[in-house]
Amino acid sequence: METDDGTFALPADFMVEPTKQQAQSAPTMLCCECGVVIEVNPAALCANCIRTKEDISEGIPKQAIIYYCRGCYRYLQPPNAWIVAELESRELLSLCLKRLKGLSKVKLIDASFVWTEPHSKRVKVKLTIQKEVMSGAILQQVFIVEYVVNHQMCEECHRREAKDTWTAVVQLRQKVKHKKTFFYLEQLIIKHRAQRDAVNIIAKSDGVDFFFSSRSHAKKLEGFLSGCSPIRSKTSERLISSDIQNATYNYKFTFSVEIAPICRGDIVCFPKQVARKHGNISPFAICDHVGSVMHFVDPFTLKQAEISAEAFFRQPFNSIATHGDLIEFVILDIELVDENHRSNKIALADATVVRARDLGVNDTQYLVRTHLGHILSAGDNAWGYDFVNGNLNDDNANKLKDSDLPEVMLVKKSFTDRSRRRRRKWKLRTMTKEVEEGALKKLEMEAAERDYESFLQDIEEDKDLRSKINIYKDPEYQAPTISEVDDEELRISMEEMLDGFDDLDIGPDPEDASPEKRARHGGTPEPEESNLKAAPLFEDNT
């Protein structure tokens, strides 16, 4: 009804008491822009009107670019780092968020991926952000950022494709007739992934060359080798180019690494000076173990000597017999010299032996003293060197009297006849490398295969050797027939083997990406050839 002053008022009948819920509700007001009833806020605007006036996502790009290398399946993390990240992974999400500028000015509430079509080379991320606007009002906004995946080859892949572009090379050499040392070092390198920084590996007739993109990587491999074998190295550098104005120079570095020509199981003849320095040990000794230092044992007195790489190359000596010069003997009788000095690794004994090929031909027997009394019994076979019928071509041995030369030296026990190759239930991973044209001839290839088979037999015979390398179960192994049952002493337990021979990734980073990831970004579904494969070091490459 109209009042005297011209205003309108509701009749008393229309007045109602407010409910308890309304009394407790927050005070409301009308939006100064659109008139909608809203809760009281400092801006005096509703959320829709605030959004029309304020855009909290301003300054944050809605489209960005990320770079992906199809050679190694990694993403570029500026300025120059490359990381491995699966699609819709936390690593990729972190990389995408770091690519956005202005994100630090707002509060990030949530971030998630939005599905995109395969092969679209697009990655979409939905972001939820908050920011304080207009005198304390907090506004929340949701928007999508689209990332375009561009292909860019990383520096390592550039060097790998160029093949001739390298900065440092490690030339690993050993002047011996066999390659068992390289087979052993290969397993150590694979176990510790010391080859992962190499851009190329080339097999030579007398060793292996490792090529690296930086000098520090080559120094790292050199330090690893010095902890595994007695070596000496020499570094040289060659100037490739220079910029006098900017004082920059481009060098190529060569690390020549020479391994001492002494291997496990070799028989050596010490020079007199070396024998005196080690407690007047017998000049004839057997190399029992090779690591950063060489361990020798005197089979006649059980004296032991350790010679470092520095001491060896200061007064070098050669092996007078290697595994290729050993012949097989049959133990007719054996008796321990001293029961008190017997251990699980060594025991002094006197043995009567005869050459295996002389059985039934002549009655020539030899009485020898050996350090293998803990594992040899009458009727066993052993590998040794025959000094009576052998030809010693060593300066140190030629200086000794004939009376000082032993007749026979036993080196190790000979197990069952394994001239034919048995089907093993385990395998070793090996490195794939390029072979220099003409580096290995047919005879050298056959010799390398024999050396590799001998190395596998050493693994079966020596548990300590197995503990230092990785052995994997052969997924294609089939149980042998009754006529092919393995020797109990040579069986490698399942506890010593590792699973995942086919699935284990030991090669370079290209294998770190899944086939779906490579296909989605335009790569090939199958990975490039790995830097490792299940084949002997020099077998498939020769």
Side-chain angles (χ1 to χ4, degrees), residues 1-68 75-78 83 85-150 520:
M1 57 184 302
E2 185 176 358
T3 61
D4 297 337
D5 55 1
T7 61
F8 290 89
L10 291 175
D13 299 339
F14 290 93
M15 300 297 294
V16 295
E17 292 292 333
T19 63
K20 184 178 181 181
Q21 182 177 2
Q22 291 174 343
Q24 294 178 350
S25 62
T28 60
M29 61 178 296
L30 298 178
C31 174
C32 63
E33 291 287 337
C34 62
V36 177
V37 177
I38 59 174
E39 294 182 1
V40 175
N41 61 73
L45 294 172
C46 65
N48 292 331
C49 294
I50 292 178
R51 290 192 184 98
T52 58
K53 290 180 173 293
E54 296 288 341
D55 183 10
I56 62 175
S57 65
E58 185 179 2
I60 302 177
K62 304 303 186 293
Q63 191 174 36
I65 298 176
I66 56 177
Y67 296 96
Y68 175 75
Y75 291 92
L76 174 63
Q77 182 174 346
I83 63 171
E86 293 287 342
L87 284 175
E88 299 188 1
S89 63
R90 297 183 62 179
E91 293 80 7
L92 183 58
L93 182 61
S94 175
L95 174 65
C96 292
L97 295 179
K98 290 179 181 179
R99 295 289 293 168
L100 294 181
K101 297 180 180 180
L103 198 60
S104 60
K105 299 179 181 179
V106 297
K107 182 179 180 181
L108 180 63
I109 302 301
D110 185 31
S112 60
F113 286 100
V114 178
W115 186 84
T116 54
E117 198 65 39
H119 304 283
S120 63
K121 298 182 183 179
R122 298 292 187 274
V123 175
K124 292 184 179 181
V125 179
K126 183 173 69 173
L127 301 179
T128 303
I129 59 175
Q130 284 183 355
K131 186 179 180 180
E132 182 178 345
V133 298
M134 293 188 177
S135 304
I138 297 177
L139 183 63
Q140 180 171 307
Q141 185 174 348
V142 179
F143 62 99
I144 294 178
V145 180
E146 183 181 33
Y147 294 87
V148 180
V149 180
N150 287 350
R520 187 164 184 176

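Atoms considered below: every heavy atom in the structure, side chains included; atoms not considered: hydrogens, waters and symmetry mates. None of these values were measured; they are calculated from a predicted model.
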Subject >> Straight-line distance of L87 CG to L93 CG, nearest 0.5 Å >> reply: 12.5 Å
**OP:** Decide yes or no for L100 and V125: does some side-chain heavy atom of the first lie under 4.5 Å from some side-chain heavy atom of the second?
**Re:** no
**OP:** Identify the heavy atoms of L30 and V37 that sit nearest to each other, and give their distance.
**Re:** CD2-CG2, 3.5 Å
Subject >> Residues, nucleotides or ligands: over 12 heavy atoms within 6.0 Å of K62 NZ >> reply: yes
Original post:
Hey, what do you get for CD1 (I129) to CD1 (I56), rounding to the nearest 0.5 Å?
Top reply: 4.0 Å
Original post:
How long is the span from the CZ atom in R122 to the CD atom in Q63, to the nearest 0.5 Å?
Top reply: 7.0 Å
Subject >> Residues that C34 engages under side-chain contact (heavy atoms from CB on, under 4.5 Å), provided they are two or more places apart >> reply: C31, V36, C46, C49
Original post:
If you measure from CD1 on I83 to OH on Y75, what distance do you get to the nearest 0.5 Å?
Top reply: 9.5 Å
Original post:
What's the spacing between I66 CD1 and L95 CG if we round to 0.5 Å?
Top reply: 6.0 Å
Original post:
If we only count heavy atoms from C-beta on, is the L108 to L127 side-chain gap below 4.5 Å?
Top reply: yes
Subject >> Value rounded to 0.5 Å, distance of NZ in K105 from CD1 in I60 >> reply: 9.5 Å
Original post:
Where is the tightest heavy-atom contact between R99 and Y67, given as atom of each residue plus distance?
Top reply: NH2-CE1, 4.2 Å
Subject >> Residues T116, V123; criterion side chain to side chain contact (heavy atoms under 4.5 Å, CB included); working and verdict >> reply: CA-CA 7 Å; T116 54; V123 175; 5.6 Å; no
**OP:** Using the test salt bridge (Lys or Arg N to Asp or Glu O under 4.0 Å), find all partners of E91 that sit at least two apart in sequence or belong to another chain.
**Re:** none
Extract all donor-acceptor atom pairs below 3.5 Å that involve side chains of residues 137-148 and protein atoms in other chains or at least two apart in sequence.
unit_1 : atom_1 : unit_2 : atom_2 : d
Q140   : OE1    : Q130   : NE2    : 2.6
Q141   : NE2    : D55    : OD1    : 3.3
Q141   : NE2    : S57    : OG     : 3.3
Y147   : OH     : C96    : O      : 2.7

